[in-house]
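Below you'll find the structure, written out as structure tokens, and then a few comments.
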Amino acid sequence: MAVDCVVTNPRKRGGTGAAACISTFKKGYFRWYGGRFEQTGTNSVIVAEDGGFTAYTPRTTIIKPADAPLSRVEANSIVTEIDEADRTPPALVKSTYTIKTIAGTTSYDIAPGATFDLNENRILNAVITTSKPATTRIVHAQDYAAYTATGQTWTILRQDYENDRSVGQDQTYRVPLRLYDANGNFADTPLAGHILNVDDNPIGPADLKASGVTAGAWWEVQDRATLFLDRAGQVPVSAWADDGDPIIRRVSDKLFANHLVVPDDSMGFYLRHDDLGSYWLEPYTAGSFFLIGNPGALQFAKFTASLGIYREPGEAGPHCLISVPRSMTIPTATNATWWMVVRDGQSFIIRLPASGNSGTSTGNFGMQGAPLVLSLLSEPGLARSNAVDCLDVADNAAVTYPAALANARARLLADGNAGQTFNGRFYGGVVTNRTESDDFRFRIERQIGEWAGLAL
């Protein structure tokens, strides 16, 4: 059925008949079933007035506004115009609904970018900043395990290129995020960190020296050819005739000439090993420690030091791992240019070549009950324990060494006053007279980790 101008509305439209409508009035209603219902003509509209209503039963019904749409889109807004029923003269009321994204209310930035490249074995902080308060939510997990979040800082953890754990198996770790402003408007901000391959194979002393290191030390307990039963280095460990573990009093330096020697024959270290092929030293007598090289050894303004150790659970401290003195004219525990110390529990204390300030690590630095690789870089004052970094201990003031250094010998596994001796396993260590790049340092740490049976 086609209906033209079923009802004219002179009260609302001036009686011209040009604005036709189908209407209900005074609580009446208009109902249709199925079929096709089509509006045509200018200003055609279905209305219900004074409590009336329209109803339909949807079957194949199609309501088709023609050139008089009930709403229209203007830019980012939806505009609806309706007849105001009870005003004289009649008027149209326009309602505008604006649809916005977060970009319309809050600007945001990600440094260094939503997509970034990163060398393997490195960490990177992706910091999200917004012009107004906003919150971040994870859209779905994907590679979320590769990141940690603190507020609006997302840190990608160290990833191994040779062990790709990304969901897409493409060396790219993605975490789809969504930013919400105070009004609930949002924008998607996916992070994607692509891991680059670097040479991170364990390094040996010859390669390290060839790279430009001019001073330092390489102590490798794993290499039995460097271990001696006497302090002079004349009796190799192979000469041990007893059934028990041999007692070591000297470890030769494979890099330069900073050999480890106990102060007297009453001291020494058992050489022990496990079925997996790891070798380590443990104190033969309480208070045993090593002197390092000649007076003045390792007194570097810039250095990188890495040591492999193990502490039994519940082992009390503190235990000094290495102490390089300023002056030994008056030996004291704290008279050090730089040092590395593990304390009770898990903390790790360092001192840098500075005016005497020390820094204490946070987190599980000196953990007990597992092999541990600890590193210290003079610049930027970075302490590292396996995959944990600590950057809150930087202190790089210049230091002037005393002229009289006749007795100034660095100590391994004891402090500057031969106290705080270490009671645990020592797998070996490396010291260089420069601040190693992260990639080079990791190769050293990986080498020490292999000695300790620790995969880094």
Side-chain angles (χ1 to χ4, degrees), residues 100-198 200 345-348 359-367 370 372-373 375 377 380-394 438-439 441-442 445 455-456:
K100 291 186 176 181
T101 66
I102 191 173
T105 60
T106 305
S107 61
Y108 64 91
D109 179 68
I110 302 177
T115 302
F116 52 86
D117 292 332
L118 179 67
N119 287 345
E120 63 175 320
N121 309 315
R122 298 284 300 276
I123 62 173
L124 182 141
N125 292 328
V127 181
I128 302 173
T129 56
T130 57
S131 61
K132 295 181 181 179
T135 57
T136 305
R137 301 176 192 173
I138 301 170
V139 179
H140 57 84
Q142 198 160 343
D143 294 305
Y144 171 66
Y147 292 80
T148 61
T150 303
Q152 298 290 53
T153 298
W154 288 75
T155 302
I156 184 170
L157 304 176
R158 285 181 174 83
Q159 304 301 326
D160 184 7
Y161 186 89
E162 289 74 22
N163 182 26
D164 185 5
R165 297 181 300 166
S166 65
V167 172
Q169 287 293 287
D170 57 359
Q171 301 291 349
T172 301
Y173 293 81
R174 301 172 179 87
V175 55
L177 303 177
R178 183 167 286 175
L179 279 177
Y180 286 86
D181 66 8
N183 297 318
N185 301 313
F186 67 87
D188 291 329
T189 57
L191 289 178
H194 182 68
I195 305 302
L196 304 177
N197 192 22
V198 298
D200 61 352
Q346 301 173 346
S347 61
F348 179 43
T360 301
S361 73
T362 57
N364 193 20
F365 265 68
M367 64 181 180
L372 185 65
V373 178
S375 291
L377 284 79
L382 171 65
R384 175 177 157 89
S385 169
N386 293 359
V388 182
D389 283 345
C390 178
L391 293 170
D392 60 353
V393 291
D438 284 344
D439 299 333
R441 169 179 56 85
F442 188 80
E445 292 172 346
L456 297 180

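The first residue of the sequence shown is numbered 1, and numbering continues consecutively from there.
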field: L157 side, atom CG; R165 side, atom CZ - distance, nearest 0.5 Å
entry: 8.0 Å
- prompt: Is there a side-chain contact between H194 and D117 (heavy atoms, below 4.5 Å)?
  reply: yes
query: Do the non-hydrogen side-chain atoms of V127 and T153 ever get within less than 4.5 Å of each other?
result: yes
field: Interatomic spacing from CG in D160 to CD in Q171 - rounded to 0.5 Å
entry: 8.5 Å
query: Under a 4.5 Å cut-off applied to non-hydrogen side-chain atoms, are S166 and T172 in contact?
result: no
message: Less than 4.5 Å apart, side chain to side chain, heavy atoms only: is that true for Y144 and L191?
response: no
- line: To the nearest 0.5 Å, atom CZ of F442 lies from atom CZ of R384 at 6.0 Å
message: Looking at Y173 and Y147, would you say the former's side chain and the latter's main chain have a donor-acceptor pair under 3.5 Å?
response: no
message: Is there a side-chain contact between I138 and L177 in this structure, where contact means two heavy atoms from C-beta onward sitting under 4.5 Å apart?
response: yes
query: Which residues satisfy the side-chain hydrogen bond (donor to acceptor under 3.5 Å, both in side chains) test with N125, sequence neighbours excluded?
result: T155
task: Supply the atom-to-atom distance I128 CD1 to I110 CD1, rounded to the nearest 0.5 angstrom.
output: 4.5 Å
query: So, for I156 and G193, which heavy atoms are closest and what is the spacing to 0.1 Å?
result: CD1-CA, 4.3 Å
- prompt: From N197 CG over to E162 CD, what is the distance, rounded to the nearest 0.5 angstrom?
  reply: 5.0 Å
Intermediate values then yes/no, side chain to side chain donor-acceptor pair (under 3.5 Å), Q152 and T129: CA-CA 7 Å; Q152 298 290 53; T129 56; over 6 Å; no
message: So P190 and R174, do their side chains get closer than 4.5 Å, heavy atoms only?
response: no
field: E445 CD to S375 OG distance, which is reported to the nearest 0.5 Å
entry: 3.5 Å
